[in-house]
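Beneath this line is the structure, given in structure tokens, with notes to follow.
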Amino acid sequence: MAEHRYDPKEIEPRWQAVWADERTWHVSNEEARGGDSSYVLVMLPYPSGEPHIGHLKVYSVGDAVAHYHRRTGRRVMQPMGYDAFGLPAENHAIKTGQHPRASTEAAIRSFQRQFREWGISIDWDREFGTHEPGYYRWTQWIFLKLFHAGLAYRKDAAVNWCPNDMTVLANEQVVDGRCERCGWEVEVRQLEQWFFRITDYAERLLHDLGTIDWPEYVKTMQRNWIGRSEGAEVTFHCDELGVDYEVFTTRPDTLFGATFFVMSPEHPDVVRLAEGTEHHDAVRAYVNHAASESAEERGDADRPKTGVPLGRTVVNPVNGERLPMYVADYVLMEYGTGAIMAVPGHDERDFAFAQEYGLEVRRVIEGGDELPYTGDGPLTNSAAEFDGLHNREALERIVEWLDREGRGHATINYRLRDWLLSRQRYWGCPIPVVYCEKDGPVPVPEDQLPVVLPDVEDYAPKGRSPLAAAEDWVNTTCPRCGGAAKRETDTMDTFVDSSWYFLRYCDPANDTAPWSREAVDTWMPVDQYIGGVEHAILHLLYARFFCKALSDLGHLDVQEPFAALFTQGMITRDGAKMSKNKGNVVPPQEIVDRYGADTARCYILFIAPPEKDADWNDNGVEGVHRFLSRLWKLCADAAVELPDEPVPLDLDGDDDRIVRKAHWAIDKVSSNLGMGHFTFNVAIAAIMELTNELTEARRGEASPGAVRFALTTAASLLFPFAPHASSDAFERLTGRRVWDVPWPEADADLLEGDTFELVVQVNGKLRDRVPAPSDASREDLLSLARGLPNVQAHVDGKQVVKEIVVPGKLVNVVVR
RNA sequence: GCGGGCGUGGUGGAACUGGUAGACACGUCGGCCUUAGGAGCCGGUGGCGCAAGCCGUGGGGGUUCGAGUCCCUCCGCCCGCACCA
């Protein structure tokens with residue numbers, strides 16, 4: 001007997017060399033245009049240190065999908081790149097003085113090496129890093145396109161500032177009042193910054209969620225983030241200052257219940273309003289106090305309501321009543337207009353405030369035992385023409401009335417804010433703008449791109465970008481007038497870099513345009529996008545926005561970049577997130593060194609359905625390694641021991657069993673990989689079952705042809721999960737490259753046996769199982785069932801009420 | 001508070017439209033082989049019971065010949081959002 005030993009250390013590098021030498025996974029745009037193509041994309045990694053176990057998981061998932069698509073007849077692009085700008089490398093530079101480019105590129109080399117060692121089928125001809133001038137030149141180009149379209153603009157606004165990272169943040173990067181990256185409490189600062197006008201796209205970003213195949217919870221998160229609400233804008237006039245104030249309300253039906261009016265402490269008019277009243281000092285003190293509080297303190301809905309009167313009034317447009325004005329921090333400047341009409345009878349927050357300050361609470365909707373009542377019902381205490389109307393009906397009438405009178409109109413409000421893209425940091429894409437004393441902000445002309453990021457001595461942020469110190473670079477001339485000018489020293493949010501990288505993969509070497517239309521038309525949209533949940537809002541929303549904006553500007557023809565999305569769960573250790581602090585990190589390199597990449601990949605896919613979090617278990621790895629070892633050895637032994645015969649025409653005994661099992665496995669694995677299914681754990685279990693069947697058959701009477709067929713099938717089905725072992729076993733058995741061979745197809749005739757196991761129940765309880773012919777009639781099955789001793793024992797002496805037959809499945813005899 | 005998801009052996013998890021609950025694997029127990037093994041192979045393993053059998057998918061109720069799956073209700077856990085007017 002041949003003594004083959006499964007040795008991944010020998011097998012894996014050998015196949016990796018083949019794939020590298022032959023550029024097996026390269027696919028040209030020309031090839032893709034010729035046939036059915038598929039773009040399988042895993043979110044590009046941020047290269048820092050070494051890849052971790054999460055990378056191994058996400059690329060194992062992506063690779064399984066890519067391989068399955070290829071072998072079912074599609075031309076697959078699976079590219080790779082690096083989200084190379086970013087704070088960790090810069091912080092490392094501050095600590096060590098090492099240029100962020102050096103540490104980043106070292107990390108990239110480590111990622112590259114490990115991706116090759118894992119055998120991921122990447123088209124390396126399309127690789128890039130977002131920090132390369134050849135890439136960010138086009139990031140700047142996109143900025144200019146958006147600028148010229150009015151979609152990139154500069155404004156002075158209250159912005160989120162992270163005191164630890166020393167930079168402003170986008171709204172999306174503030175979680176619970178803290179910096180999404182470092183966890184520090186965010187402060188509010190008034191600064192002039194660059195924004196992308198993503199709010200112009202709020203409606204489309206919301207609506208088009210209906211057109212894409214994404215997990216429902218991700219869509220829900222995006223919907224919540226966009227936060228559409230329908231209502232009305234209503235004008236309240238302040239006589240004292242002769243100014244109109246608009247408020248947004250979703251409940252114009254409660255207008256007659258408004259008893260006061262509240263403005264946010266950040267509202268620019270607050271202090272001016274109080275001027276000359278006895279409340280002026282108190283208002284200033286309140287505003288200053290609010291500014292000193294963190295977003296987290298401010299955001300607490302449970303704390304008691306506070307506020308100060310402004311000493312002014314506004315007029316309620318529906319009834320002419322004068323409402324006292326207040327400033328209170330429960331009104332947010334960033335939502336609506338920064339001012340509200342307060343209806344304490346029908347709003348819990350307004351009610352709490354009214355209680356605190358002894359203000360009138362008026363019921364204008366019937367219903368509920370006590371106030372505040374937030375439900376529906378008929379109007380009361382309103383105007384004669386509205387009283388008695390159901391409030392939903394009254395709502396529309398009141399808005400119509402406001403509209404006619406010019407005091408308001410129906411409108412839609414969104415929670416979404418414009419995307420603040422400026423960052424006061426060094427290691428990012430320079431914003432291609434110069435400031436001229438005469439012409440103001442002037443965009444750098446396209447033919448002068450890229451604006452290259454200069455080297456600096458000191459990376460430490462000092463409240464302004466470290467780039468400001470690069471004086472030779474900062475001082476330039478105005479492209480418009482030729483006079484002295486200074487460059488923008490902020491860099492772009494790194495989410496800008498990653499909002500279009502999937503387009504660049506389509507045409508990565510293009511040096512006259514970011515992409516050709518033909519190239520993106522060939523590949524876009526991404527057929528299957530795969531990545532972590534943490535990007536449910538940030539990256540996935542920004543990328544969608546970019547696609548829509550670039551399409552509107554005529555550079556693209558896709559509204560949605562990612563037709564289907566899959567989000568994978570985390571790998572934990574002892575139930576906790578792996579982290580260096582906890583000392584529970586499993587480095588993929590260690591597992592790959594010990595068991596080989598195939599074992600590592602299979603284990604991670606076998607452990608649980610990939611969308612779930614799963615706990616790492618060292619023993620589980622051993623089990624998967626045993627399986628691969630057994631299957632590979634069966635194949636390697638059979639290749640030399642068993643003559644290469646065809647499968648016998650008449651199947652019986654062991655031959656019948658293993659050939660049918662092979663077809664069963666084909667069916668099982670295919671249905672767990674196809675049509676957006678990601679149940680790799682079940683697919684791998686099916687290959688294990690086939691392997692177990694074959695281990696047993698080795699002791700039996702199976703013919704060489706049948707065994708070879710079943711083993712070849714097992715090796716072939718294994719390919720998406722363990723490409724090295726699969727390629728090796730398959731080649732030994734057939735002399736062919738498994739990836740050149742189409743995915744096996746199950747023979748429907750062999751999926752259905754001549755006989756099946758009839759389940760026999762009495763009163764729904766299992767009483768026996770007997771083999772029955774597949775083509776047996778209902779009557780045959782019934783009489784077969786009735787004849788069983790165990791059935792008779794439960795039927796005797798009782799009356800048969802009903803008999804249920806499910807052909808091919810079961811018989812249920814109902815007795816009383 | 002609002003929205004979404006989940007609850008199955010000692011463990012991770014299977015179970016297509018309601019039709020054999022627990023596939024596959026880990027662990028564990030027993031055996032073989034070994035000087036030895038944390039290697040390999042073979043077999044058992046939801047609970048109770050000598051057995052026939054009974055009980056079992058978070059608790060309770062319902063629909064059905066038949067419920068892990070459908071409906072109602074309660075409990076527990078996870079995730080997202082939250083002073084959003």
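The figures that follow rest on heavy atoms only: side chains count, while hydrogens, waters and symmetry mates do not. First the proteins, then the strands, lettered A, B, ... as listed; each starts at 1.
In this structure, A/Glu696 atom CD and B/C41 atom P are separated by 14 Å, rounded to whole Å. Distance, A/Asn692 CG to B/C24 P: 7 Å, rounded to whole Å. One atom, CG of A/Asp618, and another, C1' of B/G12, lie 14 Å apart when rounded to the nearest Å.
Using a 4.0 Å cut-off on heavy atoms, the residues of residues 229-236 of chain A that approach RNA chain B are A/Ser229, listed by number.
Checked against a 6.0 Å centroid threshold, the rings of A/Phe236 and A/Tyr245 do not count as neighbours.
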inquiry  = How would you summarise protein contacts on nucleotides 45-55 of chain B per nucleotide, using B for base, S for sugar-phosphate only and - for none, with heavy-atom distances below 4.0 Å?
reply    = --------SSS
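In this structure, the nucleotide among B/G80, B/A23, B/G4 sitting nearest to the side chain of A/Met221 is B/G80. Picking from B/C81, B/G66, B/A23 the nucleotide with the shortest atom distance to the side chain of A/Asn812 gives B/G66. For A/Tyr335, the listed nucleotide lying nearest its side chain is B/A85; candidates were B/G80, B/C65, B/A85.
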Please set out all donor-acceptor pairs under 3.5 angstrom arising from side-chain atoms of residues 602-613 of chain A, sequence neighbours excluded.
unit_1: A/Tyr603; atom_1: OH; unit_2: A/Asn617; atom_2: N; d: 3.0
unit_1: A/Tyr603; atom_1: OH; unit_2: A/Asn617; atom_2: O; d: 3.3
unit_1: A/Asp613; atom_1: OD1; unit_2: A/Met570; atom_2: N; d: 2.7

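Residues passing the side chain to side chain contact (heavy atoms under 4.5 Å, CB included) test with A/His539 are A/Met43, A/Phe495, A/Ser498, A/Tyr501, A/Tyr529, A/His535, A/Ala543, A/Phe562, sequence neighbours excluded.
Using a 90° window around 0 for the glycosidic torsion, B/G38 falls outside it and is classed as anti.
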key: Residues A/Tyr6, A/Arg630; criterion side-chain contact (heavy atoms from CB on, under 4.5 Å); working and verdict   = CA-CA 8 Å; A/Tyr6 175 55; A/Arg630 219 168 342 120; over 6 Å; no
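Each of A/Glu334 and A/Gly764 lies near RNA chain B, and the nucleotide nearest A/Gly764 is the one positioned closer to the 5' end. Toward the 5' end of RNA chain B, the nearer of the two residues A/Ile804 and A/Trp225, judged by each one's closest nucleotide, is A/Ile804.
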Is there any protein nitrogen or oxygen under 3.5 Å from a nitrogen or oxygen in nucleotides 13-15 of chain B, and what are the pairs?
unit_1: B/G13; atom_1: OP1; unit_2: A/Lys612; atom_2: NZ; d: 2.8
unit_1: B/G13; atom_1: O3'; unit_2: A/Asn681; atom_2: ND2; d: 3.3
unit_1: B/A14; atom_1: OP1; unit_2: A/Asn681; atom_2: ND2; d: 3.2

Tabulated below should be each protein N or O lying under 3.5 Å from an N or O of nucleotides 26-32 of chain B; please produce it.
unit_1: B/C26; atom_1: OP1; unit_2: A/Arg626; atom_2: NH2; d: 2.6

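For A/Gln761 and B/G19, a side-chain-to-base donor-acceptor distance below 3.5 Å is present, hydrogens and geometry of angles not being considered.
B/G10 and B/U45 have their C1' atoms separated by 11 Å, with the value rounded to a whole Å. Comparing the C1' positions of B/G18 and B/A25 gives a spacing of 28 Å, expressed to the nearest Å. Across B/A21 and B/A14, the matching C1' atoms stand 10 Å from one another, rounded to whole Å. Only the C1' atoms considered, B/G9 is 14 Å distant from B/G68, to the nearest whole Å. Across the C1' atoms, B/G62 and B/G12 are found 34 Å apart, a figure rounded to whole Å. For the C1' atoms, the distance linking B/U11 with B/C2 amounts to 35 Å, nearest Å. Between B/G19 and B/A51, the two P atoms lie 31 Å apart (nearest whole Å).
Summarising the base pairing, B/C2 is matched to B/G80 through a Watson-Crick or G-U wobble pair whose two defining distances lie under 3.5 Å. Remark: B/C32 base-pairs with B/G40. Criterion, Watson-Crick or G-U wobble with two distances under 3.5 Å. In a base pair of the Watson-Crick type (N1 to N3 plus N6-O4 or O6-N4) or a G-U wobble (N1-O2 and O6-N3), with each distance short of 3.5 Å, B/C65 is matched with B/G19.
If you check every strand for non-hydrogen atoms under 4.0 Å, A/Arg630 touches sugar and phosphate atoms only. If you check every strand for non-hydrogen atoms under 4.0 Å, A/Glu757 touches a base. Within the 4.0 angstrom heavy-atom criterion, no nucleotide atom of any strand lies near A/Thr254.
Taken to the nearest 0.5 Å, the CZ atom of A/Phe248 stands 8.5 Å off from the CD atom of A/Glu230.
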